[in-house]
Amino acid sequence: MKKNYIMGIIACAALTMTSCSNDEIGGNNTKQGDPIEFGVYLGRDAQGSRGTIITTDNLTKFSVTAYLEPSITPDFMYNQEVIKNADGSWTYSPVKYWPTMETQGYKNHSISFYAYAPHTNDANNLITLSGNNDEHAAPTVTISLPTGTNADLAKMVDFVATAKHFEYKTNGNEVSDKVTFNLKHEMTRIDLKAKVSENVYGSTVANRTKVVIRSLKLKSSSEFYTKANYRFPQTNQAERGTWDYKNNTTKVTTDIDLQSILNWSGDWAISDKDIISSTNQGIALEGTSAVKLFNENQYLFLIPAPNETGLTANSTSATITYDIITEDSNLEDGYSKTSATKTVYFPAGIMQQGKAYNLTFTIAVDQVKLDATVADWKEATNSDIDVPYTPDDATPKP
């Protein structure tokens with residue numbers, strides 16, 4: 001039910017980077033009237049959007065949907081853009097004010113606010129907000145991952161959100177209390193690296209081997225979703241929102257190829273033969289220093305596992321294809337090569353909501369080891385998985 005009031009908002013949002021404290025940075029005080037003032041900051045575990053980490057400098061917009069109680073439709077604000085100006089201030093239109101009049105038996109209505117980023121207009125059609133006439137106690141958001149052949153995973157979104165329920169104008173003075181949002185990272189973040197178990201490429205002829213990753217894919221899994229509904233926190237005491245895995249969801253049914261975000265190495269030729277080139281892409285590993293597999297500032301932002309404790313053992317996996325190439329001038333081609341494709345399971349317990357993980361593939365002659373670590377959003381976690389590499393698994397090539 002729509003209501004017509006003279007209302008307004010002066011939104012003054014400031015973000016702290018996660019390496020700093022979580023102290024709120026408030027907005028400017030208003031001189032008169034009863035505007036709603038916003039204070040916004042990122043929680044320690046909320047950092048990213050659109051495949052990269054959000055910083056104070058690159059966040060230029062957030063969104064607010066709000067309900068005037070006891071309405072069950074968002075009749076106060078709907079998907080309202082709050083935009084950062086060049087001077088660092090935040091503005092939006094139309095401006096609105098706290099309700100102060102008594103209408104239809106309700107006096108000084110409370111307002112429930114739902115804040116989130118990125119705005120749906122900036123989410124590559126991967127975020128869908130419930131409608132402005134949907135009759136629910138709170139909005140819902142449908143989050144999707146890019147899918148299909150040659151899906152551009154660089155368009156993934158890192159969804160951050162929070163809610164403030166039953167907020168009032170709390171005094172009759174010139175300035176009302178601020179509505180302060182503490183945005184939380186509601187997905188799971190994964191970074192992938194790879195290394196060789198020992199230094200295999202050096203200055204001597206006897207030590208001139210490289211491992212070249214050719215392909216990396218995420219496999220289908222009953223605990224891996226490409227689409228799910230997010231529900232905002234239902235009370236002020238709830239730290240996070242929840243994920244609905246029963247309605248309007250999609251599980252991963254085909255492999256997700258990560259090629260669109262892999263950090264391919266530069267050209268490498270042996271005896272005038274292109275080992276790595278624009279048409280024969282690969283990521284070259286030479287030793288025990290881990291190499292980031294994704295492009296700079298790129299991560300996987302995934303829908304969390306349906307269990308609060310994360311993935312169950314042997315439920316979700318990745319497939320890695322690689323060559324082991326040794327320079328050898330005695331051979332016609334100038335090198336020898338064997339190739340292998342291995343499937344490794346993610347560690348049990350990862351992909352929890354609001355957590356970040358570093359996974360590292362360690363490739364040796366006889367095995368592939370996946371190392372993972374977990375902590376909060378700014379301090380990612382690590383752990384291990386071994387995959388046997390036997391002669392039967394290798395395909396010799398000239």
Side-chain angles (χ1 to χ4, degrees), residues 149-151 153 190-220 254-296 298 300 317-346 358-372 384-398:
T149 304
N150 299 323
L153 298 183
I190 291 180
D191 191 16
L192 290 180
K193 299 180 180 180
K195 62 181 181 180
V196 185
S197 61
E198 56 186 299
N199 291 317
V200 294
Y201 192 87
S203 58
T204 65
V205 174
N207 190 28
R208 303 299 293 271
T209 295
K210 290 187 180 184
V211 174
V212 180
I213 295 174
R214 298 297 188 180
S215 173
L216 187 57
K217 298 179 181 181
L218 303 182
K219 304 290 287 183
S220 59
T254 58
D255 295 349
I256 296 180
D257 194 334
L258 303 185
Q259 60 89 20
S260 63
I261 57 173
L262 293 180
N263 183 24
W264 302 109
S265 299
D267 294 351
W268 179 37
I270 299 176
S271 300
D272 297 326
K273 295 177 176 61
D274 289 333
I275 307 301
I276 299 177
S277 65
S278 60
T279 58
N280 188 23
Q281 293 179 316
I283 301 175
L285 310 176
E286 300 178 354
T288 58
S289 296
V291 173
K292 182 176 172 63
L293 298 183
F294 295 152
N295 292 322
E296 189 67 25
Q298 180 69 59
L300 286 173
S317 61
T319 295
I320 183 171
T321 298
Y322 58 93
D323 298 330
I324 299 177
I325 298 174
T326 301
E327 295 185 32
D328 187 347
S329 60
N330 294 322
L331 299 177
E332 179 182 359
D333 289 333
Y335 64 92
S336 64
K337 179 174 72 173
T338 59
S339 301
T341 296
K342 292 297 181 179
T343 296
V344 294
Y345 284 101
F346 283 178
N358 292 329
L359 305 182
T360 302
F361 295 95
T362 301
I363 300 176
V365 174
D366 61 345
Q367 69 176 2
V368 177
K369 180 180 179 181
L370 180 57
D371 179 70
D384 296 338
I385 297 177
D386 294 332
V387 179
Y389 179 87
T390 66
D392 291 338
D393 294 319
T395 303
K397 295 185 179 180

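The minimum heavy-atom distance linking F346 with I190 is given by the pair CE1-CD1, 4.4 Å. A318 and L218 get closest at one heavy-atom pair: CB-CD2, 4.2 Å. In terms of heavy-atom proximity, K195 sits nearest to L285 at N-CD1, 4.0 Å. Of all non-hydrogen atoms in K292 and K193, the two that sit nearest each other are CA-CG, 3.9 Å. When all heavy atoms of G334 and S271 are compared, the pair lying nearest together is CA-OG, 3.6 Å. Shown here for A284 and K210, the closest heavy-atom pair between the two residues is CB-CD, 4.2 Å.
One finds the OG1 atom of T338 at 7.5 Å from the CG atom of D323 (value rounded to the nearest 0.5 Å). One distance of note links OG1 of T319 with CD1 of I256; it measures 12.0 Å at 0.5 Å rounding. Note that CD of Q281 and OG of S265 are 10.0 Å apart. Values are rounded to the nearest 0.5 Å. One finds the NZ atom of K217 at 10.0 Å from the OG1 atom of T254 (value rounded to the nearest 0.5 Å). To the nearest 0.5 Å, atom CD of residue Q298 and atom CG of residue L293 are 12.0 Å apart.
R214 places a side-chain N or O within 3.5 Å of a backbone atom of N280 that can act as its donor or acceptor partner. Listed for the D191 side chain is no donor-acceptor partner under 3.5 Å among the backbone atoms of N358. Between the side chain of S260 and the main chain of L153, a donor-acceptor pair closer than 3.5 Å is present.
Side-chain atoms of E327 and Y201, non-hydrogen and from C-beta on, do get closer than 4.5 Å to each other. In this structure, D274 and T279 have side chains that are not in contact, with every pair of non-hydrogen atoms separated by 4.5 Å or more. Residues I324 and V200 form no side-chain contact, since every pair of their non-hydrogen atoms from C-beta on lies 4.5 Å or further apart. Contact check for Y335 versus T326: no side-chain heavy atoms found under the 4.5 Å cut-off. Using a 4.5 Å heavy-atom threshold, the side chains of L300 and I261 count as touching.
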Exercise for review: Would you check, one step at a time, whether the test side chain to side chain contact (heavy atoms under 4.5 Å, CB included) holds for Y322 with V212?
Suggested key: CA-CA 5 Å; Y322 58 93; V212 180; over 6 Å; no

Could you please spell out the steps behind the side chain to side chain contact (heavy atoms under 4.5 Å, CB included) verdict for L216 and F361?
CA-CA 11 Å; L216 187 57; F361 295 95; 3.9 Å; yes

| Where do D333 and I270 land on the side chain to side chain contact (heavy atoms under 4.5 Å, CB included) test, with the steps shown first? | CA-CA 8 Å; D333 289 333; I270 299 176; over 6 Å; no

Verify side chain to side chain contact (heavy atoms under 4.5 Å, CB included) between F294 and L258, making sure each step is shown before the conclusion. CA-CA 9 Å; F294 295 152; L258 303 185; 4.1 Å; yes

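For the residue pair S277 and D267, no side-chain donor N or O sits within less than 3.5 Å of a side-chain acceptor on the partner.
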